[in-house]
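Notes for the one structure printed next.
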Amino acid sequence: MRKGSVILFYVMVAYMFISFSWWTILLLEKNKEVFVEERNFLELKNSIKNNTDTDFENSSAYEILLKKYESQKRMILSEAVVMMMLLLTGTFQLYRTFSKEIELNRRQKNFLLSITHELKSPLSSTKLSLQTLLKRNKLDDDRYFKLINNSLNDVERLKILVDNLLLSARIEDHSYQPSFELCNISSITEEIFSKSKEVHGLNKSIDFSIQPGLMVNGDTLALQTIINNINDNAIKYTADGASIHCHLFEDLNEVIITVSDNGFGIPQEEKQKIFSKFYRVGNEETRSTTGTGLGLYMVKELLKLLKGKIYVNDNSPKGTVFKISLPKAQLT
Ligand code: ADP
């Protein structure tokens, strides 16, 4: 929503309140004027009829008039209070809707900026690799395989991005339903963290302690998406030399997975927001890490479908701990 519309909204609300209060005061005044007029008229009528100066204020006619005046005053005031409350509630609801719309617009703008970047950079680098391969037909083996590998990694990055976009669209329109089957969560997690160690092991210290053979009822794709996203984030939001640790174990009827890092950490006020669609901490223009703000949204939604939960806490002395719990499969 544009700034002009927001200002117009506030001006309209202020006008409504002022004009409403003014009409209430005016009605009260008019009611009083009518009362005084009627009172004078009745008093005059009374004095002509009785031809005496009897105490009019003790007469029943005055009592009825006073009651009528008081009840009309009460009616105006109670109507005013009810209307004011309705107006306040309506304005508050409108304000909340506006704020949500503004926030969603901001996130969508950030998402478009980041998705453009995420699509453009692997495409440009693949194009460059292919052009180099085409131009120089006498490349040594090392360089040749490096260029091919880089291109394959870029294509893989694009595939993951597109898969994530499709999956999140399917989650949103409820067309994605996990196929509940017995899954070995220990091997899925171990595979992801071993691969991550292979790829990032030079820059970060990645280790894991995984209790073997733990089974959950779930869907391999959903479980891989969940663990991959948490692992990717731990890699992305930590500096070189950081430590990342994954611990998987059973606790009563649950399987618990914790992923802790000693990276940038997440401010307290952002902890619940990071699970919203497109939400990224900070602003896209000033943010250096790549991402779309879809990862944790998908993680939360997938866990809901698998009857699992996710919690986020601070690590000590710094960094973040994500804790996931999933119901353990009951093996008969
Ligand atoms: P993306 O990583 O694509 O931005 P996510 O939905 O995965 O989107 O994460 C949302 C936001 O939560 C990230 O932008 C980041 O600011 C924050 N975040 C997630 N994981 C971590 C982490 N391990 N450490 C610090 N910040 C994190």
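Ligands are counted one by one from 1 in listed order, and the atoms in each one are counted from 1 as well. By convention here, the first residue in the shown sequence is residue 1.
One option in V281, L296, N231 has a heavy atom closer to atom 9 (O) of ligand 1 than any other, and that option is L296. Taking each of G291, A234, G293, P267 in turn, the one with a heavy atom nearest to atom 8 (O) of ligand 1 proves to be G293.
Heavy atoms of G263 stay at 4.0 angstrom or farther from ligand 1. Residue contacts with ligand 1: F264 is excluded, as none of its non-hydrogen atoms falls under 4.0 Å. Not a single heavy atom of F275 sits under 4.0 Å from any atom of ligand 1.
Ring geometry, Y237 versus F264: the interplanar angle exceeds 60°, so the pair is classed perpendicular (tilted spans 30 to 60°).
For ligand 1, the atoms lying closer than 4.0 Å to a non-hydrogen atom of R280 are 1 (P), 4 (O), 14 (O). The atoms of ligand 1 that sit less than 4.0 Å from any heavy atom of I266 are 18 (N), 21 (C), 25 (C), 26 (N), 27 (C). Atoms of ligand 1 lying under 4.0 Å from at least one heavy atom of Y279, given by number and element, are 10 (C), 11 (C). Listed by number with element, the atoms of ligand 1 under 4.0 angstrom from any heavy atom of K236 are 1 (P), 2 (O), 3 (O). Atoms of ligand 1 found under 4.0 Å from any heavy atom of G295 (numbered from 1 in listed order, with element): 5 (P), 6 (O), 7 (O).
Between Y297 and ligand 1, not a single N/O pair is under 3.5 Å apart. At least one N or O atom of D261 sits closer than 3.5 Å to an N or O atom of ligand 1. Checked by distance only, ligand 1 and T290 stay at 3.5 Å or farther apart across all their nitrogen or oxygen atoms.
Using a cutoff of 4.0 Å between basic side-chain nitrogens and carboxylate oxygens, K159 and E156 are not scored as salt-bridged. For the pair K30 and E33, the salt-bridge criterion is met [side-chain N within less than 4.0 Å of a carboxylate O]. Between R106 and E103 there is a salt bridge, with a side-chain nitrogen of the basic residue lying less than 4.0 Å from a carboxylate oxygen of the acidic one. A salt bridge does not link K204 with D261: none of the charged nitrogens is closer than 4.0 Å to a carboxylate oxygen.
Between F98 and F9, the ring center distance clears the sub-6.0 Å criterion. For H247 and F249, the distance between ring centers is under 6.0 angstrom.
Among I266, T320, N313, the single residue meeting the side-chain contact (heavy atoms from CB on, under 4.5 Å) criterion with K271 is I266.
Note on I324: it clusters hydrophobically with F275, by side-chain heavy-atom contacts below 4.5 Å among ILVMFWY residues.
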